[in-house]
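Everything below concerns the one structure shown next.
The figures that follow rest on heavy atoms only: side chains count, while hydrogens, waters and symmetry mates do not. Note that this is a predicted model, so its numbers are computed, not measured.
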Amino acid sequence: MKTVLYFFPLNLMKNNTGSIRRAWGMLEAFKNADCVVDYVYSFDLWGGPMDAAEADALKKTGLVREVYELRKKPAGSGALSYSIQYRINRFIKDTAFRRSIPDFVTAYNRHLFNTILEKNNYDYIVISYAYWSGLVKNNPRIKQAKLIVDTHDFLTAQELGKKRFSAGRGFADEMRRLGCFDQIWAISIEEQYLFRQFVDKDVKLMPYCLQEQVVPEGQEKEFDIIYVAGDNRHNVNAANWFFKEVYPLIDLSVRWCIVGRICEHIPDCANIRKVPYAPDLQPYYSRARLAICPMLSGTGVKIKVIEALAYGLPVVCNPQGVDGLVNKTENGCVVAESAKDFAESIWKLLNKETDYAEIKNLAATYFQKNHSEKTLLNIIKSVLVGQ
């Protein structure tokens, strides 16, 4: 039985993002591969506090053995030297003329991480996001553990457009950070290709996978279109474009369901139902006929696309919507190059049953082959337990 230290900075019990849902899938795969997992998260950088009740509930799932938290600096007046180091590092980062990708590792959260390593021996240490590579870089407490980075995203592209960010400096820094690991997990086929060109390490495709969702035959469709999104800058820009350019071209009889914090940026309309937060997306996806993903920017695979395909829903999207997918065609997605194309594609799927049935079948077939729980389990077994 293999032991895994799994660092994922977000609080898993706040199940409100695609990345968190992906992390739950990883834990399920670890368990099904007979791995024992200790989970580490960030208390104050990205994550947010996890109270004792949440930690206990997480352990009761049987997916993790222990829950550990990291803090960026000590609470109160204790450990003054760590607080001073933290302030100095923050000053340097904030005043740098040309910025690289952020580094969220501090002297204190690395100290806390090291106490975990000193108490336990692990076969594998999985670090989510290269932002946090400093937890393991040149760390003698790693012992014999194999180091894996689950990249989740191409960080240089994510940081583009931010104040004083240097793309060249950021890219070189990101590749150096990836080089600290024995193995790199890429969520998209494009990122796997890119990392292989610049880092002489084993790069595995670790796609976003989840359980196939079986919608009962004859399920009433309360919504014609579902749109699921958070409120990051890429989603906000996309929503603004869509509701300015595309929505006016669509008949007002079309019934919409919009889920997530993107609701704050959507106009109130009689035919739109807004659900700012949904702990479970199943009741909404199962009652929709198709999904949209109007992305104009961003990197990596679009989680909302894979989730829609899991329900066998056709997806209408911009070209960025199929980023990360193994197949760019015959995958259940209809790619629209313009606002007019987007509106016409929606109309055809809602009004032409033959078109709808064809794309729906492609969605189910593509998902089963590339993003099912079985796919992820087979990859995890081959990587961690050699099966």
Side-chain angles (χ1 to χ4, degrees), residues 6 8-32 39 41 46-51 53-64 67 128 152 187 207-232 235 239 255-266 272-293 301-315 332 360 363-364 367-368 371-377:
Y6 181 55
F8 180 74
L10 285 77
N11 180 348
L12 283 171
M13 303 307 286
K14 311 296 184 187
N15 194 10
N16 56 2
T17 68
S19 57
I20 291 178
R21 293 191 290 275
R22 179 175 184 268
W24 278 105
M26 298 297 291
L27 291 181
E28 291 281 0
F30 290 146
K31 180 181 179 181
N32 291 331
Y39 160 63
Y41 79 104
W46 291 31
M50 177 183 290
D51 59 34
E54 289 178 319
D56 186 56
L58 178 54
K59 287 192 283 188
K60 285 181 178 178
T61 65
L63 298 177
V64 303
V67 176
S128 296
H152 289 263
I187 194 172
Y208 177 57
C209 297
L210 65 161
Q211 182 179 9
E212 181 183 6
Q213 303 294 320
V214 179
V215 178
E217 196 70 32
Q219 168 77 57
E220 181 184 357
K221 300 302 181 183
E222 184 177 347
F223 317 112
D224 295 304
I225 301 173
I226 185 170
Y227 174 31
V228 178
D231 64 346
N232 65 51
N235 286 330
R255 303 163 300 171
W256 295 76
C257 180
I258 301 178
V259 184
R261 293 175 63 182
I262 196 64
C263 288
E264 300 171 13
H265 306 274
I266 303 300
I272 296 178
R273 177 178 175 184
K274 295 182 184 180
V275 184
Y277 172 70
D280 183 6
L281 294 173
Q282 192 275 339
Y284 305 100
Y285 274 123
S286 64
R287 289 181 287 162
R289 294 194 63 202
L290 63 88
I292 63 168
C293 179
V301 69
K302 307 303 181 283
I303 298 297
K304 61 179 73 67
V305 170
I306 306 301
E307 290 176 339
L309 297 178
Y311 287 85
L313 294 185
V315 179
K360 182 177 177 63
F367 175 83
Q368 291 166 3
H371 298 281
S372 67
E373 285 184 316
K374 183 178 179 181
T375 299
L376 180 60
L377 179 58

Roughly how far, to the nearest 0.5 Å, is the [atom2] atom of [Y] from the [atom1] atom of [X]?
{"X": "L290", "Y": "K221", "atom1": "CG", "atom2": "NZ", "value": "10.5 Å"}
{"X": "K304", "Y": "I262", "atom1": "NZ", "atom2": "CD1", "value": "8.5 Å"}
{"X": "D224", "Y": "R255", "atom1": "CG", "atom2": "CZ", "value": "4.0 Å"}
{"X": "I292", "Y": "L313", "atom1": "CD1", "atom2": "CG", "value": "12.5 Å"}
{"X": "N32", "Y": "K374", "atom1": "CG", "atom2": "NZ", "value": "13.0 Å"}
{"X": "R21", "Y": "I303", "atom1": "CZ", "atom2": "CD1", "value": "8.0 Å"}

Do [X] and [Y] have side chains that approach each other closer than 4.5 Å (heavy atoms only, starting at C-beta)?
{"X": "M50", "Y": "L58", "answer": "yes"}
{"X": "M26", "Y": "L376", "answer": "yes"}
{"X": "C263", "Y": "Y277", "answer": "no"}
{"X": "P207", "Y": "V301", "answer": "no"}

Nearest heavy atoms of [X] and [Y], plus distance in Å:
{"X": "L377", "Y": "A29", "value": "CD1-O, 3.7 Å"}
{"X": "L281", "Y": "Y311", "value": "C-OH, 4.3 Å"}
{"X": "C257", "Y": "V275", "value": "SG-CG2, 4.3 Å"}
{"X": "F8", "Y": "S19", "value": "CZ-O, 3.5 Å"}
{"X": "W46", "Y": "L10", "value": "CE3-CD1, 3.5 Å"}
{"X": "P283", "Y": "S286", "value": "O-OG, 3.6 Å"}

Qualifying residue for side-chain hydrogen bond (donor to acceptor under 3.5 Å, both in side chains) with Y208, from H371, E307, H152, R22
E307

Report yes or no: does [X] contribute a side-chain atom to a donor-acceptor pair with the main-chain N or O of [Y] at less than 3.5 Å?
{"X": "Y39", "Y": "L12", "value": "yes"}
{"X": "E222", "Y": "E220", "value": "no"}
{"X": "K31", "Y": "L63", "value": "no"}
{"X": "N11", "Y": "Y41", "value": "no"}

Taken in chain and number order and not counting sequence neighbours, the residues that satisfy side-chain hydrogen bond (donor to acceptor under 3.5 Å, both in side chains) with E373 are none

Walk me through it: do Y285 and V228 pass the test side-chain contact (heavy atoms from CB on, under 4.5 Å)?
CA-CA 9 Å; Y285 274 123; V228 178; 3.6 Å; yes

Taking salt bridge (Lys or Arg N to Asp or Glu O under 4.0 Å) as the criterion, tell me which of K14, K60, K59 meets it with E54.
K14

Any donor-acceptor pair under 3.5 Å linking the side-chain atoms of Q368 with those of E212?
yes

Result for side chain to side chain contact (heavy atoms under 4.5 Å, CB included) between I258 and one of Y284, Y227, F223 points to Y227

